[in-house]
Amino acid sequence: LTRTLGLEYELVHGPEALAPRKREALTPRMVRALIRAVDGVRINLLGFHDVPRGSWLARNIKGALAISGCGGFRLAEVALVDGTAFTAMKMSRASLFFIINGATIRCPTPEELLSMRRGVDRVGVLACAAKNDPLVIHFLPSPIIVSFNPDDPEDPGLILRDLALHCPVRAEDLRSTPLFTYSRGGEALGYNFLRKLLKILLLTLFTTTVAALFTWHSFRSGLACALRAAKAPDWVLLALLRWRSKSSIPGYGRLSFETAASWLDQAAVQNERTLTAGSLPGLVPAPGIGTK
């Protein structure tokens, strides 16, 4: 009955009427634009009139945007769902670590952070509990590692380095401090706060129609699409996006217009022939075989 009604609906309204309404993917360039738009943006949320440039709040918001763009983190992973308590299963400042001059450091000094060099040092982020890995058994052993470029204001490595440098937390408090907070010693950035903030940022950059195409999950889709455009193999997508099944890849890692057109252009100039077994010429019996 459901199949029949679905077919009848499509015959009247077209197959697009039943196509899944998935949010579109944010490109790396769009993520960078969102990060640039944070300083000074008017928000009127939770008593904040705006986001002061270079403030604690600005650096934490940029951090949440940056790791969502480069690590595909879900909103519930970088933010605290409203009304829930912060626990050790959430991302904390202990989730952040640094690789400086070949040494892995969990709580670097300001001097060590300022000594970080482009092309040499890196920043790591540990995965937290997620709906497909509630005990973080599968994905914790493989952290997200990003490069460090001090010449790029939207570089995730620089943003995370500056978070540790300008929003310091004592070593003994790292585990009990949420990764992203409103202020020094404050609460974790909230789910609804970041959800509404992203909408505000999108509306400052795009028209209402375009802004409505994206949600926080668009960071995840965007990373999958970017990795596929870079021709990353499936096992890389599974590792970096923390998926446990290849079935997730087609829905998120969609082909870009440019990539699809490029492959079809390449196909058009090929002249390879194939022949299936069913198209082979029939066998003619030899004289005296199979006859009386």
Side-chain angles (χ1 to χ4, degrees), residues 23-43 48 50-75 77-79 91 93 95-100 108 113-125 143-167 179-182 189 193-206 210-211 213-227 229-230 232 240-241 256:
R23 297 301 182 180
E24 296 303 321
L26 286 166
T27 66
R29 186 174 297 178
M30 295 169 75
V31 174
R32 296 169 68 85
L34 289 169
I35 292 172
R36 283 195 300 271
V38 170
D39 284 320
V41 66
R42 294 175 178 270
I43 58 174
F48 295 100
D50 58 12
V51 180
R53 181 181 298 274
S55 64
W56 185 291
L57 180 62
R59 295 188 186 281
N60 280 263
I61 291 173
K62 288 183 179 182
L65 295 172
I67 72 165
S68 296
C70 71
F73 286 96
R74 304 171 181 88
L75 179 54
E77 294 172 349
V78 299
M91 296 183 79
R93 288 294 290 270
S95 304
L96 201 60
F97 65 94
F98 300 83
I99 304 170
I100 304 175
L113 291 170
L114 289 171
S115 73
M116 292 181 67
R117 295 170 293 165
R118 175 180 180 176
V120 177
D121 302 319
R122 292 175 173 81
V123 183
V125 182
I144 301 297
I145 305 294
V146 297
S147 300
F148 174 75
N149 182 4
D151 301 320
D152 180 3
E154 287 84 48
D155 175 66
L158 176 63
I159 291 172
L160 294 173
R161 191 285 303 267
D162 285 350
L163 176 71
L165 183 64
H166 298 288
C167 304
L179 181 55
F180 303 116
T181 55
Y182 293 105
L189 292 185
F193 174 84
L194 282 180
R195 180 180 59 82
K196 293 175 182 177
L197 175 66
L198 177 62
K199 184 175 181 180
I200 292 171
L201 292 173
L202 288 167
L203 288 172
T204 65
L205 299 171
F206 310 108
V210 173
L213 298 175
F214 306 99
T215 65
W216 202 276
H217 219 65
S218 298
F219 288 108
R220 193 166 176 80
S221 299
L223 178 59
C225 291
L227 287 169
L240 295 182
L241 285 152
S256 67

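Numbers for residues simply follow the sequence, beginning at 1. Note that the structure is a prediction, hence the values are computed from the model and not measured.
Between the OG atom in Ser115 and the CZ atom in Phe98 there is a gap of 11.0 Å [rounded to 0.5 Å]. In this structure, CG on Leu194 lies 11.5 Å from NZ on Lys196, to the nearest 0.5 angstrom. Remark: Arg29 CZ to Leu34 CG distance equals 13.5 Å, nearest 0.5 Å. Residue Arg36 holds its CZ atom at 11.0 Å from OG1 of Thr204, rounded to the nearest 0.5 Å. One distance of note links CG of Leu189 with CG of Leu179; it measures 9.0 Å at 0.5 Å rounding. To the nearest 0.5 Å, atom OG of residue Ser218 and atom CG of residue Leu75 are 11.5 Å apart.
Between Phe48 and Leu197 the shortest side-chain heavy-atom distance does not fall below 4.5 Å. A heavy-atom distance below 4.5 Å is not found between the side chains of Leu57 and Val38. A heavy-atom distance below 4.5 Å is found between the side chains of Leu96 and Val125. Residues Phe219 and Leu198 are in side-chain contact: their nearest non-hydrogen atoms beyond the backbone lie under 4.5 Å apart. Ile145 is listed as a side-chain neighbour of Phe97, based on a closest heavy-atom distance under 4.5 Å. With contacts defined as side-chain heavy-atom distances shorter than 4.5 Å, the pair Asp152/Arg32 qualifies. Met30 is not listed as a side-chain neighbour of Leu205, based on a closest heavy-atom distance of 4.5 Å or more. Using a 4.5 Å heavy-atom cutoff, the side chains of Ile100 and Phe148 are not in contact.
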Output side-chain donor-acceptor pairs under 3.5 Å for residues 157-166, partner residues at least two apart or in another chain, one line each.
| unit_1 | atom_1 | unit_2 | atom_2 | d |
| --- | --- | --- | --- | --- |
| Arg161 | NH1 | Leu113 | O | 2.9 |

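When all heavy atoms of Met91 and Phe73 are compared, the pair lying nearest together is CE-CE2, 3.9 Å. Nearest heavy-atom pair, Ala211 versus Leu203, reported as atom, atom and distance to 0.1 Å: CB-CD2, 3.7 Å. Minimum heavy-atom separation, Asp151 to Arg118: OD2-NH1, 3.3 Å. Scanning both residues, Ala37 and Leu201, for their nearest heavy atoms gives O-CD2, 3.7 Å. In this structure, Ser68 and Val78 approach most closely via the heavy-atom pair OG-CG1, 3.9 Å. Shortest non-hydrogen contact noted between Cys70 and Val146 is SG-CG1, 3.6 Å.
Every side chain to side chain donor-acceptor pair (under 3.5 Å) that Arg42 has, sequence neighbours left out, goes to His49.
Between the side chain of Asn149 and the main chain of Asp155, no donor-acceptor pair closer than 3.5 Å is present. Within the 3.5 Å criterion, the main-chain N or O of Arg74 finds no donor-acceptor partner in the side chain of Arg220. Asp50 contributes no side-chain N or O that, together with a main-chain N or O of Gly40, makes up a donor-acceptor pair within less than 3.5 Å. Formation of a donor-acceptor pair under 3.5 Å by the Asp39 side chain with backbone atoms of Ala58 is not found in this model.
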Going through the distances and angles, do Ile61 and Phe193 end up as a side-chain contact (heavy atoms from CB on, under 4.5 Å)? CA-CA 10 Å; Ile61 291 173; Phe193 174 84; 4.2 Å; yes
Checking Phe180 against Ile67 for the side-chain contact (heavy atoms from CB on, under 4.5 Å) test, could you report, in this order, the C-alpha distance in whole Å, the side-chain angles of both residues, the deciding distance, and whether it holds? CA-CA 11 Å; Phe180 303 116; Ile67 72 165; 3.6 Å; yes
